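Since the model is a prediction, treat every value here as computed from it, not as a measurement.
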Amino acid sequence: MATSQPVPRPRKRAEHQIVFASRGAERGWRDLCATQRNAMADAWDFLTRTPTAVTATNYRLKGSLAIVTRANADHDRWQHRPTLKGSARIWFYVEDGTVYLERVDTSHPNGTK
């Protein structure tokens, strides 16, 4: 009998792994996937392949938000917009082939307005 479990997408050797760095990011990701499924599938592809590519929808944050410190190491903090015109935002940093999702907001975070 089949178990009806989703099949996880295999990761290519050159791709990054994506993990949640907070419960809030996990909830936000789930909420965005429920409302913007295609955009989030595209965001997944982008973040696993080229998370530090600078584009109109993916860039480093500036000022006091530019750096995140985890386990005594500093990392550039990035922001990804799943759609060019939408207000949703994904904040993340990259370390050793892993993309850590810090925040996933369904609307523009107040800290960057």
task: Might you work through the side-chain contact (heavy atoms from CB on, under 4.5 Å) test for Thr106 and Thr35, ending with a clear yes or no?
output: CA-CA 9 Å; Thr106 57; Thr35 60; 5.6 Å; no
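Of all heavy-atom pairs between Tyr59 and Arg89, the closest is OH-NE, 4.3 Å. Across all their heavy atoms, Arg11 and His16 have their closest contact at CD-O, 3.2 Å. The two atoms that bring Ala39 and Pro82 nearest to each other are CB-O, 3.9 Å, heavy atoms only.
Ile90 and Trp78 fall within a single hydrophobic cluster, where Ile, Leu, Val, Met, Phe, Trp and Tyr are joined by side-chain heavy atoms under 4.5 Å apart, directly or via other members. Val54 is not connected to Leu61 by any chain of hydrophobic side-chain contacts under 4.5 Å among Ile, Leu, Val, Met, Phe, Trp and Tyr, and they are in different clusters. Linking ILVMFWY residues whenever their side-chain heavy atoms come closer than 4.5 Å, directly or via other members, places Met40 and Val99 in the same cluster. One hydrophobic cluster holds both Leu101 and Trp44 under the rule that ILVMFWY side chains link at heavy-atom gaps under 4.5 Å. Grouping the Ile, Leu, Val, Met, Phe, Trp and Tyr side chains by contacts below 4.5 angstrom, directly or via other members, places Val68 apart from Trp91.
Between Trp29 and Phe20, the ring planes are perpendicular. Angles over 60° get that label, and only those under 30° would be called parallel.
Of the possible donor and acceptor atoms, none in the side chain of Thr57 sits under 3.5 Å from a partner among the backbone N and O of His80. Side chain of Arg9 to main chain of Val7: no donor-acceptor pair is present (N/O by atom type, distance under 3.5 Å, no hydrogens or angles). At least one donor-acceptor pair closer than 3.5 Å links the side chain of Arg77 to the backbone N or O of Leu65. Proximity of a side-chain donor or acceptor of Asn58 to a complementary backbone N or O of Ala53 within less than 3.5 Å is detected.
With contacts defined as side-chain heavy-atom distances shorter than 4.5 Å, the pair Ile18/Thr48 qualifies. You'll find the side chain of Arg70 reaches within 4.5 Å of the side chain of Glu102, heavy atoms only.
Note that the OH atom of Tyr93 and the OG1 atom of Thr69 stand 10.0 Å from one another [nearest 0.5 Å]. The distance from atom CG of Leu47 to atom CD of Glu15, rounded to the nearest 0.5 Å, is 11.0 Å.
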